[in-house]
Amino acid sequence: MEERDDLEVKEKTSLNFLERIIEDDLANGRVPNNEIITRFPPEPNGYLHIGHIKSICINFGLADKYGGRCNLRLDDTNPEKEEQEYINAIKEDIQWLGFDWGIHEYYASDYYQNLYEIAVRLIEEGKAFVDSLSAEEMKEYRGTLTEAGRNSPYRERSIEENLRLFEEMRQGKHPEGSHILRAKIDMSSPNINMRDPALYRIKFAHHMRTGDRWCIYPMYDFTHPISDALEGITHSICTLEFEDHRPAYDWATAIDGVEHTPHQYEFARLNINYLVMSKRRLLNLVKLGIVTGWDDPRMPTISGIRRRGYSPEAMKDFIGRVGVAKVEGVVDYSLMEFCVREDLNKRAKRLMVVLDPLKIVIDNYPEGKVEYFEAVANPEEENSPTHQIPFTRELYIEREDFMEIPAKKYHRLYPGNEIRLKYAYYITANSVVKDEAGNILEVHCTYDPLSKGGTTPDERKVKGTSHWVSASEGVSIEARLYDKLFLSENPGKATGNYLDDLNPDSLVIVPDAKAEPEILKARRGDYLQFIRNGYFTLESKESTEGHPVFNRTVTLKDSWAKLKLKMEQE
RNA sequence: UGGGAUGUAGUGUAAUGGUAACACUGCAGAUUCUGGUUCUGCCUUUGGGGGUUCGAGCCCCUCCAUCCCAGCCA
């Protein structure tokens, strides 16, 4: 221990592949002004989910690390699916994570005029044409994965006719689906994305930002690279499924007149086992009313996990631990739980709440007496604040903290056994009161007055300690306990019948416990940690007007449940 | 079976031609005013086969496996 300082702490400098690319580009003067510019380009067609956190952390993180910047760009080129509500939510979620795009908030729709002009220029140069094939015909002409496609019969239209048609498309003179602007690349390319990709389609849809000004909208393969170029993006980082689009990206940034040439790099998206992470499916859960909204605490959306009490720090730590690579893997849910637990353990305020109450009557404690004990908010914290907890003759403890016939290795309350009520007294169980059906209604105990504060003069030890709540002084709260996020039975990505797969794993518990000072405190916000194996969060009143809800954030290692199972098997 | 990518403990990620490692999980033990926390220990790894090299997870060849692509979505 005295040699600590002499130990050479090996600086861990291993870089991920993107950092290596950037450092190499920087070292070789390939970055204009040495300013790394990335972008996070979500389509505002839904709420951001946990998977997006990886992309956000990579793009904003890289910009931070290398002293550049990251633009927020809303990729709004499909007016039928996009909504202002989503834009607001996206911005809130990124900010919650602690990232700031400053003044660099852009919209693909800001570039509609530029894009249009570039398209006209492509037509003039004979590099794009108006195709009048139907969607079905186009598909047929495209060929298959193993067979080359054929040129559209409209491919050789004159430049004049193409120009006229495209202009008419813009003016709304043609119905949706009648014409489409395509790039002339190569119908026999083994890469299907290069078989004369569509550039512009007709859509008589109202756009939330441009209204009815346009009725032709540019496609991703055209919009994205040019938006990147226009914004001076140096490193355009996306997920693996766009690898096949990189040639199209390079084609677009090579168009005459497009000044800046960004480069696209791809990384593996985040998959977490049993977690449903597809905007389409999440939207479905919302539409079908299976959840209360995108921010339902069971949803793996950023707003959902925020409501359950996950912290941005924990999620960023999680992403850091997952790493960045090109391997399509599936991360264990338990790693995310670990990160949340680790963070919450350091900062969560501990409050005692009984979720599944069992009444305890202390026969030798005076009726009507109320005594207060001091509890610390967070034992992990030095000089942690304390608060007073009322103790009375009748209390509630957790139902699982009592067993009439104890299992092996059970050292909580059972007839004849002595345990400690945290911060208060030692009690010993004597007798049990049951109803006709044999359900335990209450347990009668006696307490040791000398054990006040949780220790005794003779320093005898007890093996069990339980949390408790006063029956008369406590407050009743409506609690909804969520175990995990919506999980699928499919360990990889959720598939077809994911709705059947979903295991809500939630239950409603209404504890009988009544007002306690610490519960009132909790109601003002923050983390509420408690219980043997779990952390709980209480939503702040502000964010859930009228819906006081308890959310159990994570299930800790369910060691108790496992032990119980083991004992049952023995 | 066209093209593009990827294979390192159960999972994720390092090792950039020089002793295969870190974290999570799992298992065991110690501590403990909650069977939590904390601490300690253990288990398990380079997809297969060739080649180059004094030396290969890394370079070459080959086989195998997995993922992505046939929207007028992004």
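Naming convention: chains lettered A, B, ... in sequence-line order (proteins, then strands); numbering from 1 in each chain.
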Between C1' on B:G36 and CZ on A:R412, what's the gap in Å once rounded to a whole number? 11 Å
Could you give the distance separating B:A56 and B:G51 at their C1' atoms, to the nearest angstrom? 11 Å
Any residue meeting salt bridge (charged side-chain N to carboxylate O under 4.0 Å, His left out) with A:E266, in chain and number order, not counting sequence neighbours: A:R246, A:K326
For nucleotides B:C64 and B:U1, find the distance between their C1' atoms and express it as a whole number of Å. 15 Å
Rounded to the nearest 0.5 Å, what's the gap from CD1 on A:I56 to NZ on A:K316? Could you check? 10.5 Å
When the P atoms of B:C67 and B:U52 are compared, how many Å lie between them, rounded to an integer? 35 Å
Please collect all salt bridge (charged side-chain N to carboxylate O under 4.0 Å, His left out) contacts where either partner lies in residues 176-195 of chain A, sequence neighbours excluded, each pair once. A:D131-A:R182
So what does A:V324 hit on the nucleic acid, given a heavy-atom distance under 4.0 Å: a base, only sugar-phosphate, or nothing? sugar-phosphate
Atom CZ of A:R341 to atom C1' of B:U38: distance rounded to whole Å? 14 Å
Expressed as a whole number of angstroms, how long is the span from A:E243:CD to B:C69:P? 12 Å
How many angstroms lie between CG in A:L395 and OH in A:Y447, if you round to the nearest 0.5 Å? 11.5 Å
Nearest heavy atom decides the nucleotide; on that basis, is A:R246 or A:V322 closer to the 5' end of RNA chain B? A:R246
Say you pick atom C1' in B:U40 and the same atom in B:C58; how far apart are they, in whole Å? 35 Å
Do A:N191 side-chain and B:G4 base share a donor-acceptor contact under 3.5 Å? no
Under 3.5 Å between N/O atoms: give me all the protein pairs with nucleotides 72-74 of chain B, atom names plus distance.
unit_1	atom_1	unit_2	atom_2	d
B:C72	OP1	A:R142	NH2	3.4
B:C72	OP2	A:R142	NH1	3.3
B:C72	N4	A:L133	O	3.0
B:C72	N4	A:A135	N	3.3
B:C72	N4	A:G177	O	3.0
B:C73	OP2	A:R201	NE	2.9
B:C73	OP2	A:R201	NH2	3.0
B:C73	OP2	A:K203	NZ	3.4
B:C73	O3'	A:R201	NH2	3.1
B:C73	O2'	A:N78	ND2	2.8
B:A74	OP1	A:T77	OG1	2.7
B:A74	OP1	A:R201	NH1	3.2
B:A74	OP1	A:R201	NH2	2.9
B:A74	OP2	A:Y220	N	3.0
B:A74	O3'	A:D75	OD2	2.8
B:A74	N6	A:H245	NE2	3.2

Name the pairs: protein N/O against N/O of nucleotides 41-45 of chain B, kept only if under 3.5 Å.
none

Separation of A:N45 CG from A:Y86 OH (nearest 0.5 Å): 7.5 Å
Per side-chain hydrogen bond (donor to acceptor under 3.5 Å, both in side chains), A:S236 is matched among A:R39, A:H263, A:Q264 by A:R39
Distance check needed: B:G36 C1' versus A:K422 NZ, whole Å only. 10 Å
Rounding to an integer number of Å, can you tell me how far A:E328 CD sits from B:G12 P? 11 Å
Reading 5' to 3' and counting Watson-Crick or G-U wobble pairs with both distances under 3.5 Å, write the dot-bracket notation for RNA chain B, | for bases paired outside the strand. .((((((..((((....[..)))).(((((.......)))))....(((((..]....))))))))))).....
Would the number of heavy atoms belonging to other residues, nucleotides or ligands and lying under 6.0 Å from NZ of A:K65 be above 12? yes
Would you check if there is a donor-acceptor pair between the side chains of A:Y47 and A:E85 at a distance under 3.5 Å? yes
In whole Å, what separates the C1' atom of B:C43 from that of B:C27? 7 Å
Winner on side-chain proximity to A:H467, out of B:C24, B:U34, B:G3, is B:U34
What's the CG-C1' distance between A:D332 and B:U11, to the nearest Å? 4 Å
Please list all pairs passing the salt bridge (charged side-chain N to carboxylate O under 4.0 Å, His left out) test where one or both residues lie in residues 374-387 of chain A, with sequence neighbours left out. none
Just label B:G71 as syn or anti from its O4'-C1'-N9-C4 or O4'-C1'-N1-C2 angle, using within 90° of 0 for syn. syn
Check the distance between B:G26's P and A:F338's CZ and give it to me in whole angstrom. 12 Å
Gap in Å between the two C1' atoms, one belonging to B:G57 and one to B:A14, rounded: 12 Å
B:U45 and B:C63, which share atom name P, separated by this distance in whole Å: 29 Å
Integer-rounded Å distance: B:U37 C1' and A:D343 CG: 15 Å
Quick one, A:M138 and A:I180 - any side-chain contact, counting heavy atoms below 4.5 Å? yes
Check whether any side-chain heavy atom of A:F318 lies under 4.5 Å from a side-chain heavy atom of A:L270, and answer yes or no. yes
Base, sugar-phosphate or nothing for A:T144? Non-hydrogen atoms, less than 4.0 Å. base
Which of B:C68, B:U6, B:A23 is nearest the side chain of A:R321? It is B:A23
For atom C1', what is the distance between B:G12 and B:U44, given to the nearest Å? 15 Å
Among A:I389, A:D401, A:I360, which residue meets the side chain to side chain contact (heavy atoms under 4.5 Å, CB included) test with A:W468? A:I389
Can you tell me how far the CG atom of A:L181 sits from the CG atom of A:N162, to the nearest 0.5 Å? 7.5 Å
